[in-house]
Amino acid sequence: MNKLLRITLHTASIFGLLVMALLPGNQYDFMHEMDPSIPANAIENGSNNAIVATIAIFAIVAVMQIALAVKASRPQARVLPVMQILLGLTILAVKVTG
């Protein structure tokens, strides 16, 4: 596989993982900071859009990294894709469990 394409896909995956980590869990958490009399979980967010977006980003990152690992000719080239998938799973687990 072309080296420039591999670097671009790894960079895009790292960017996707950063976006996953920075997506807020609850979009109404700031309200408790502004007015402490409002309980932190007073407003329920039934849509969970952040979790859906996190799962979608993880799926894209995982597919890219699996493709890179399969196309890798050397075993050492499979380490970074595996590490990125494991990091994505960790971020996803933290987001889902709250």
Side-chain angles (χ1 to χ4, degrees):
M1 186 179 283
N2 186 0
K3 186 174 183 175
L4 180 62
L5 179 62
R6 275 196 323 253
I7 291 171
T8 303
L9 290 177
H10 282 305
T11 304
S13 294
I14 291 170
F15 179 73
L17 292 174
L18 284 173
V19 169
M20 279 177 58
L22 295 178
L23 277 175
N26 185 354
Q27 61 187 2
Y28 299 112
D29 280 342
F30 73 94
M31 292 180 75
H32 180 68
E33 295 171 8
M34 290 176 55
D35 186 5
S37 66
I38 299 173
N41 295 329
I43 300 175
E44 294 201 17
N45 183 8
S47 66
N48 287 331
N49 287 337
I51 292 177
V52 172
T54 302
I55 292 170
I57 292 170
F58 173 71
I60 292 168
V61 168
V63 166
M64 283 194 310
Q65 292 306 313
I66 289 170
L68 286 171
V70 167
K71 289 288 192 178
S73 58
R74 298 174 304 157
Q76 296 87 358
R78 294 184 179 111
V79 173
L80 184 59
V82 169
M83 294 304 291
Q84 286 186 357
I85 290 173
L86 291 175
L87 179 61
L89 278 173
T90 304
I91 294 170
L92 185 63
V94 168
K95 290 288 185 173
V96 170
T97 58

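These numbers come from the heavy atoms of this one structure, side chains and all, not from hydrogens, waters or symmetry mates. This structure is a prediction, so every number in the text was calculated from the model and none was measured.
- The OG atom of S13 sits 7.0 Å away from the CG atom of L68 when rounded to the nearest 0.5 Å.
- Atom-to-atom distance recorded for I14:CD1 and L9:CG is 11.0 Å, nearest 0.5 angstrom.
- The shortest non-hydrogen separation linking K95 to A21 is NZ-O, 3.5 Å.
- If you chain together hydrophobic residues whose side chains sit under 4.5 Å apart, V63 and F58 never meet in one group.
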Ignoring hydrogens and angles, write down the donor-acceptor pairs under 3.5 Å from the side chains of residues 78-85, residues two or more places apart or on other chains.
residue : atom : partner : partner atom : Å
R78     : NE   : A69     : O            : 3.0
R78     : NH2  : A72     : O            : 2.9
Q84     : OE1  : Q65     : NE2          : 2.8

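- By the side-chain contact (heavy atoms from CB on, under 4.5 Å) test, I7 pairs with K3, T11, sequence neighbours left out.
- Connection of F15 to L17 is established within a shared hydrophobic cluster, with ILVMFWY side chains joined at heavy-atom distances below 4.5 Å, either directly or through further cluster members.
- Following chains of ILVMFWY side-chain contacts shorter than 4.5 Å, one cannot reach L18 starting from M64, and the two form parts of different hydrophobic clusters.
- Of the inter-residue distances, the one linking I91 atom CD1 with L87 atom CG reads 4.0 Å to the nearest 0.5 angstrom.
- The structure places CD1 of I66 at 14.5 Å from NZ of K71, a figure rounded to the nearest 0.5 Å.
- Between I57 and V19, the shortest heavy-atom contact is CD1-CG1, 3.6 Å.
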